[in-house]
Amino acid sequence: MHIITREFYQRDAVLVARELLGKLLVRDLNGSLLSGMICETEAYLGEMDSASHAFRGKTTRNSVMFGPPGKAYIYLIYGKHYMFNIVTERENIPHAVLIRGILPVKGIKQMRLNRDSSTGNLTNGPGRLCRTMNINQSLNECDLTSGKDLWIEEYLCIPSKNILSGSRIGIEYAMQNDKVAHRRFWMRYED
DNA sequence: AGCACGATCTGA
DNA sequence: CAGATCGTGCTA
């Protein structure tokens with residue numbers, strides 16, 4: 001087991017978003033572990049990106065994004081759902097990667113308990129992912145390199161040819177160029 | 001202090 | 001395709 005270190009996160013969000021695919025997201029709930037392989041991510045490129053929370057500069061909510069990389073940026077959206085992001089790039093460069101999808105690896109039984117509907121889908125969408133992994137506002141600013149509560153481990157290495165990309169979800173308000181840019185990444189399962 | 005709105009999800 | 005639901009950020 002090898003926890004991803006700060007250097008990994010201290011790079012452009014697009015690079016980090018691509019390389020997070022195949023890695024293991026681990027949640028420690030008082031010693032019982034939940035984990036899932038990251039299979040969908042989105043990169044948000046800070047003050048240059050009209051879809052990013054950091055587009056209009058630093059606020060109380062997004063201040064974590066302006067800090068050191070490797071920390072969790074978590075916020076509530078639509079009054080219902082938590083979104084889990086990882087801060088990337090150097091201090092004062094507010095890049096982040098939104099984790100949109102995982103494939104459950106460990107603790108599926110607990111994940112089933114955490115979910116609130118009976119659709120059969122455990123982790124589809126960034127909101128339900130947080131619910132099933134028990135990720136909430138209390139983990140905002142959590143250091144993902146400390147091996148406490150929440151972290152990322154090496155797992156699979158996904159070759160570039162098996163990484164697909166497309167435009168990001170839910171950013172209708174953004175400028176056209178940011179809307180169409182391929183900053184969402186997921187994995188190809190066929191050969 | 002008030003108000004508009006969102007990196008979603010559900011169910012009709 | 002509308003509605004839930006509430007913290008945040010902007011304006012006054």
*So, are K23(A) and E153(A) salt-bridged, with charged N and O less than 4.0 Å apart?*
no

*Going by an N to O cut-off under 4.0 Å, is there a salt bridge joining K148(A) and D143(A)?*
no

_Within the supplied structure, the quantity of interest is the number of heavy atoms (other residues, nucleotides, ligands) at a distance under 6.0 Å from M175(A) CE; does it exceed 12?_
yes

*CZ of R90(A): more than 12 outside heavy atoms within 6.0 angstrom?*
no

Whole angstrom is fine here: how far is it from [atom1] in [X] over to [atom2] in [N]?
{"X": "H53(A)", "N": "dG6(B)", "atom1": "NE2", "atom2": "P", "value": "10 Å"}
{"X": "R128(A)", "N": "dA4(C)", "atom1": "CZ", "atom2": "P", "value": "20 Å"}
{"X": "M83(A)", "N": "dC6(C)", "atom1": "CE", "atom2": "P", "value": "16 Å"}
{"X": "E40(A)", "N": "dT8(B)", "atom1": "CD", "atom2": "C1'", "value": "13 Å"}
{"X": "I169(A)", "N": "dA7(B)", "atom1": "CD1", "atom2": "P", "value": "13 Å"}
{"X": "R184(A)", "N": "dA7(B)", "atom1": "CZ", "atom2": "C1'", "value": "12 Å"}
{"X": "D49(A)", "N": "dA7(B)", "atom1": "CG", "atom2": "P", "value": "11 Å"}
{"X": "L76(A)", "N": "dG9(C)", "atom1": "CG", "atom2": "P", "value": "12 Å"}

*Who pairs with dG2(B) - Watson-Crick or G-U, where each distance is under 3.5 Å*: dC10(C)

_Residue matched to dA7(B) through Watson-Crick or wobble contacts both under 3.5 angstrom_ =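 Check on dA7(B): unpaired, no WC or wobble geometry under 3.5 Å.
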
Among [options], the one nearest [X] by side-chain distance:
{"X": "Y73(A)", "options": "dA7(B), dT8(C), dA4(C)", "result": "dA7(B)"}
{"X": "H81(A)", "options": "dG9(C), dT8(B), dA7(B)", "result": "dT8(B)"}
{"X": "R56(A)", "options": "dT8(B), dC10(C), dC6(C)", "result": "dC10(C)"}
{"X": "Y173(A)", "options": "dG6(B), dC9(B), dG9(C)", "result": "dG6(B)"}

*OP1 or OP2 of dA7(B) less than 4.0 angstrom from a side-chain nitrogen or oxygen of S52(A), does that happen here?*
no

_Mind checking if R168(A) touches a base, just sugar-phosphate, or nothing, with heavy atoms under 4.0 Å?_
nothing

*Would you call I158(A) and R18(A) a side-chain contact if the rule is heavy atoms closer than 4.5 Å?*
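No; the side chains remain at least 4.5 Å from each other.
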
*asked:* Can you work out whether K80(A) or N62(A) has the more 5'-proximal nearest nucleotide on DNA chain C?
replied: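 Its nearest nucleotide being more 5', the pick is K80(A).
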
*Using the aromatic ring of Y44(A) (for Trp, its six-membered ring), decide whether it stacks on the base of dA7(B) within the limits of 5.5 Å and 30°.*
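Stacking between Y44(A) and dA7(B): present.
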
